[in-house]
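Presented below is the structure to which this report refers.
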Protein chains: 2
Amino acid sequence: MYEGTSNTGFNVQSQKCTRWSPTPVQLLVLEELYRQGTKTPSSEQIQQIASQLRRFGKIEGKNVFYWFQNHKARERQKRCRLEIEETASTEGKKEHKLSCDILKSNRE
Amino acid sequence: MYEGTSNTGFNVQSQKCTRWSPTPVQLLVLEELYRQGTKTPSSEQIQQIASQLRRFGKIEGKNVFYWFQNHKARERQKRCRLEIEETASTEGKKEHKLSCDILKSNRE
DNA sequence: GCAAATTAATGATTTATTCAAG
DNA sequence: CTTGAATAAATCATTAATTTGC
């Protein structure tokens, strides 16, 4: 894992320059931006977002950049995992129309 | 419980149910399947489960589909009641207004 | 004990997302 | 950029538990 685990109890997470993590409000705003269509912001957008979010806590452009990159990747991973899970029993994509058929019977 | 104790004894399961509800045995089997890893069954699985469970009472594929959807969602709800950030009481309103500004400026 | 009234569970619908065809 | 496929989240609606007064 990380290096400073043992030794005397220096709290790596508390005050010094550990890795950035968003404050709750920053996270809320980032998620909202993502939802509204900002998936891969340009560097201009990144700087703008960072400077406005700086009001809620320390943040840099690269943090914003990484956040969007990671968030997009993880959303994709999540969906991939679900789809694989779903089709695990059958192999192909042939069973992908599943629930629609099932539901259609009583859907009028 | 289920059957009426005395003279009002209409069999609840037999005739006049608008919406399905699982018999105890059906519920046990569904829960066991879920516990064993069937979270979002494919349509094939759904049909198999339904026809096996039909032995214990009236049931359709869509009932199975809905049951897994609801069960998964509600299990998740009960396991995820942390991180209520929404409004941090005093700071909440002020920060919310500001985040709206941020979103507006970045929207287009 | 038993139903009417009320509350808690949960089945069924609708809505808002996601990724990735086309 | 638009749209298809497929949810999962949010919501609606009805059933079962329970509370309550008699």
Side-chain angles (χ1 to χ4, degrees), chain A residues 27-42 67-108, chain B residues 1-31 33-34 37-47 49-50 53-54 56-86 103 107-108:
Chain A
L27 185 60
L28 212 62
V29 176
L30 288 169
E31 282 170 343
E32 184 62 16
L33 288 169
Y34 184 85
R35 211 174 312 136
Q36 290 182 353
T38 304
K39 313 284 186 180
T40 57
S42 66
W67 187 91
F68 277 95
Q69 196 158 284
N70 284 320
H71 191 68
K72 186 168 59 174
R74 283 169 186 147
E75 286 296 318
R76 211 182 63 149
Q77 276 182 356
K78 183 171 127 193
R79 169 160 285 271
C80 247
R81 194 151 39 90
L82 289 174
E83 284 177 358
I84 288 170
E85 224 176 69
E86 173 193 326
T87 58
S89 56
T90 64
E91 52 281 358
K93 295 181 179 179
K94 57 182 177 182
E95 288 301 325
H96 260 248
K97 304 177 190 166
L98 49 140
S99 35
C100 293
D101 296 333
I102 290 171
L103 297 177
K104 200 163 57 178
S105 56
N106 202 358
R107 212 113 193 252
E108 311 121 40
Chain B
M1 298 300 185
Y2 266 171
E3 259 74 341
T5 50
S6 57
N7 52 4
T8 59
F10 285 144
N11 193 341
V12 181
Q13 292 288 336
S14 60
Q15 280 213 345
K16 289 225 165 190
C17 286
T18 64
R19 85 177 192 187
W20 169 80
S21 80
T23 69
V25 180
Q26 286 176 337
L27 186 59
L28 274 176
V29 175
L30 288 168
E31 283 171 343
L33 286 170
Y34 184 86
T38 305
K39 303 291 176 36
T40 55
S42 68
S43 62
E44 271 185 14
Q45 289 178 299
I46 287 172
Q47 293 303 338
I49 294 167
L53 285 183
R54 197 162 294 125
F56 307 114
K58 216 163 70 176
I59 190 172
E60 296 177 58
K62 64 173 186 173
N63 303 132
V64 176
F65 175 79
Y66 291 145
W67 189 90
F68 277 95
Q69 290 295 319
N70 282 317
H71 193 68
K72 182 168 57 175
R74 281 162 183 157
E75 281 297 312
R76 203 180 190 197
Q77 274 184 356
K78 287 181 179 176
R79 281 231 154 164
C80 281
R81 47 176 164 180
L82 240 73
E83 298 186 41
I84 304 171
E85 53 223 2
E86 293 253 11
L103 296 178
R107 209 160 179 180
E108 246 105 13

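All heavy atoms count here, side chains included; hydrogens, waters and symmetry mates do not. Lettering of chains follows the sequences in order, A, B, ..., and the numbering in each one begins at 1.
Partners of F56(B) under the ring-ring contact (aromatic ring centres under 6.0 Å, His included) rule, at least two apart in sequence or in another chain, do not exist in this structure.
With hydrogens and angles ignored, a donor-acceptor pair under 3.5 angstrom links the side chain of N70(B) to the base of dA12(C).
Two residues are said to be in side-chain contact when any heavy atoms from C-beta on lie closer than 4.5 Å; W67(A) and L27(A) meet this criterion. When side chains are defined from C-beta on, H71(A) does not count as touching L30(A), because their heavy atoms never get closer than 4.5 Å.
The line from CD of Q77(B) to CZ of R74(B) is 7.0 Å long, rounded to the nearest 0.5 Å. We find the CG-CZ distance between N63(B) and R54(B) to be 9.0 Å, quoted to the nearest 0.5 Å. Here the OG1 atom belonging to T40(B) is positioned 7.5 Å from the CD atom belonging to Q69(B), to the nearest 0.5 angstrom.
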So which protein N/O to nucleotides 12-14 of chain D N/O distances come out below 3.5 Å?
| from | atom 1 | to | atom 2 | distance (Å) |
| --- | --- | --- | --- | --- |
| dT14(D) | O2 | R19(B) | NH1 | 2.6 |
| dT14(D) | O2 | R19(B) | NH2 | 3.0 |

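In this entry the distance linking NE2 of H71(B) with P of dT10(C) reads 9 Å, nearest Å. Between L33(A) atom CG and dT17(C) atom P the separation is 14 Å, expressed in whole Å. Remark: C1' of dG11(C) and CD of Q26(B) are 13 Å apart, rounded to the nearest angstrom. Put simply, CZ on F65(B) is 16 Å from C1' on dT10(C), counting in whole angstrom units. Whole-Å rounding puts the I59(B) CD1 to dG11(C) C1' distance at 12 Å. Distance, K72(A) NZ to dT18(C) C1': 13 Å, rounded to whole Å. E31(B) has its CD atom 14 Å from the P atom of dA9(C), to the nearest Å. What separates CH2 of W67(B) from P of dA9(C) is a distance of 16 Å, to the nearest Å.
Note on S21(B): every side-chain N or O is 4.0 Å or more away from OP1 and OP2 of dT10(C). The phosphate of dT18(C) has OP1 or OP2 within less than 4.0 Å of a side-chain N or O from K39(A). Between dT18(C) and K78(A), no contact under 4.0 Å exists linking OP1 or OP2 to a side-chain N or O. Within the structure, a side-chain polar atom (N or O) of Y66(B) is placed less than 4.0 Å from OP1 or OP2 of dT13(C).
For P22(B), whose side chain is taken as the heavy atoms from C-beta onward, the closest listed nucleotide among dG11(C), dA8(D), dC19(C) is dG11(C). Among dC19(C), dA9(D), dT18(C), the nucleotide with an atom closest to any side-chain atom of R76(A) is dC19(C).
Here K72(A) does not pair with E75(A) in a salt bridge; the nearest charged N to carboxylate O distance is not below 4.0 Å.
dT19(D): Watson-Crick or G-U partner is dA4(C), with both key distances under 3.5 Å. The pairing partner recorded for dA9(C) is dT14(D), the criterion being a Watson-Crick or G-U wobble arrangement whose two distances lie under 3.5 angstrom.
Contact annotation for F68(B): no contact, since no heavy-atom pair falls under 4.0 Å across all strands.
K39(B) forms a cation-pi arrangement with Y34(B), by the criterion of a distance under 6.0 Å to the ring centre and an angle within 45° of the ring axis.
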